[in-house]
Peer 1: 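Attaching a single structure in structure tokens format; questions to follow.
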Amino acid sequence: MTSPASGTDIATALPDYAPVPRSALGPALNDQGYYVGRVERNLYWVTDGSYQSAFLTTKDGVVLFDAPPSIGGNIRRAVDEIASANSVSNKVTHLVYSHHHADHAGASSLFDKNVIRIGHEETKRLLLRDNDPARPAPQETFADRRTLKIGGERIELAWRGPNHTPDNIYIHFPDHDTLMLIDIVNPGWAPISMSNLSEDIPGYVAAPAIALEYPWKHFIGGHVGRLGTRDDVTLHQQYMADIDASVRRALVSVDPTPFFQKYGDNPWAAVSALFDAWTDAGAAPVIEKYAGVLGAADVYTKSTTFWVMESIRLDLGFASYVRP
């Protein structure tokens, strides 16, 4: 394929990246483009290689957790496949939202109006604001904690403060040794753009430690093609800590003076070049350390480094100097 504007071959012009480590890869997808597998007992997960959903089969029906539009109708097919194999009901009775974002909730409307939708009270406010017919607002909400008892199963929901979004929650399956926490840790992979496009970086950085307070063996992170482990969460913590330390070194070692001397009366040019220099200096040693350890460490570490740097400067006040 060529670009109409330049006549160049787009594929040839695209950059090359480091090979993805095998440890980052999940199971193969079926011919319909999804994989469904058992997490533990009657808890299952579904992935299309990029996004994940989960569901519990119970004596009263199916409880679904998130409905990513990229998986779409394959969620229904996965539920039907498991229900048929185990001779249980395939009727989806409840849908729990992890948070309001369309990439994790945008297939909610595939399930009928009789499905009881549950989410944080802020999720309801945001979905009513967004007015997206693909994401009906939850009928049932909670503020801090709620225990769901559905069909003989127990699910613990908790809001522990803003992180990826103001409404992102912890979903704990105590009887299935599993924690579901979306858009914080991508098992085997570096976070994508700007710490998974997270709105609250201090909350995002703190979330893995909160996750590790829970007892669990299996981790559902919402993205990529495999389940996670406690080691995956610990590795993510170390990656983020290394970015933090590297950024702090960069902020005090790169002198801003030459950038403002160069660009004179164009302060935005100076700021842009300085931010690039800080980001490059902060990201370089982290990319070198995690290449071959985390998938796409060479692709997205600069982006996350920039966003962490801005949080360290603006939220934490590091390297903020008051002119005498």
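Heavy-atom basis, side chains included; hydrogens, waters and symmetry copies ignored.
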Peer 1: As a test of understanding, state which of V46, V92, V63 forms a side-chain contact (heavy atoms from CB on, under 4.5 Å) with F55.
Peer 2: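 Exactly one candidate clears the test, V46.
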Peer 1: Salt bridge between R146 and E140, side-chain N to carboxylate O under 4.0 Å?
Peer 2: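 Yes.
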Peer 1: Using the rule given for side chain to side chain donor-acceptor pair (under 3.5 Å), can you reason through N90 versus D80, listing the C-alpha separation, both sets of side-chain angles and the distance that settles it, and then say yes or no?
Peer 2: CA-CA 6 Å; N90 68 345; D80 291 346; 2.9 Å; yes
Peer 1: Would you say Q238 has more than 12 foreign heavy atoms packed within less than 6.0 Å of its CD?
Peer 2: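 Yes, because the 6.0 Å sphere around CD of Q238 holds more than 12 heavy atoms from other groups.
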Peer 1: Is it the case that T165 and N168 place a side-chain donor and acceptor less than 3.5 Å from each other?
Peer 2: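 No - no donor-acceptor pair under 3.5 Å links their side chains.
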Peer 1: Would you kindly say whether H236 and N186 are connected by a side-chain donor-acceptor distance under 3.5 Å?
Peer 2: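 N186 and H236 do not have a side-chain donor-acceptor pair below 3.5 Å.
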Peer 1: Measure the shortest side-chain to side-chain distance between T147 and I155 over non-hydrogen atoms and say whether it is less than 4.5 angstrom.
Peer 2: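 Not touching, per the 4.5 Å side-chain cut-off.
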Peer 1: Answer yes or no: are there more than 12 heavy-atom neighbours, outside R22 itself, under 6.0 Å from its atom CZ?
Peer 2: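 Result for CZ/R22: open.
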Peer 1: Measure the shortest side-chain to side-chain distance between P138 and Y97 over non-hydrogen atoms and say whether it is less than 4.5 angstrom.
Peer 2: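 Heavy-atom side-chain distance check passes, below 4.5 Å.
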Peer 1: Kindly give the heavy-atom pair with the smallest separation between I220 and T178, and that separation in Å.
Peer 2: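 Answer, listing the atom of I220 first, then T178: CD1-CG2, 3.9 Å.
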Peer 1: Indicate yes or no: at least one non-hydrogen side-chain atom of L179 is less than 4.5 angstrom from one of F173.
Peer 2: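 Answer no - side chains too far apart.
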Peer 1: Before we go on, tell me: are the rings of H101 and H164 under 6.0 Å apart, centre to centre?
Peer 2: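 For H101 and H164, the ring centres are under 6.0 Å apart.
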Peer 1: Any side-chain heavy atom of D66 sitting closer than 4.5 Å to one from M180?
Peer 2: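 Yes. Closest side-chain heavy atoms under 4.5 Å.
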Peer 1: So do R248 and I312 actually touch side chain to side chain, heavy atoms under 4.5 Å?
Peer 2: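 With C-beta onward as the side chain, the pair touches.
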Peer 1: Would you say the rings of W268 and Y263 are close, in the sense that their centroids are separated by under 6.0 Å?
Peer 2: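 No: the rings miss the under 6.0 Å criterion.
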Peer 1: Go through it in stages, so that I can follow the logic: the residues are Q52 and H223, the test is side chain to side chain donor-acceptor pair (under 3.5 Å), and I'd like the CA-CA distance, side-chain angles, deciding distance and then a yes or no.
Peer 2: CA-CA 6 Å; Q52 299 174 356; H223 278 287; over 6 Å; no
Peer 1: Scan for salt bridge (charged side-chain N to carboxylate O under 4.0 Å, His left out) pairs involving residues 113-128, sequence neighbours excluded, and state none if there are none.
Peer 2: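 For residues 113-128: E122-R125.
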Peer 1: Got a sec: does the CH2 of W159 have more than 12 other heavy atoms crowding it under 6.0 Å?
Peer 2: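 Yes.
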Peer 1: What about F275 and F259, are their ring centers closer than 6.0 Å?
Peer 2: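 Aromatic pair excluded; centres sit 6.0 Å or further apart.
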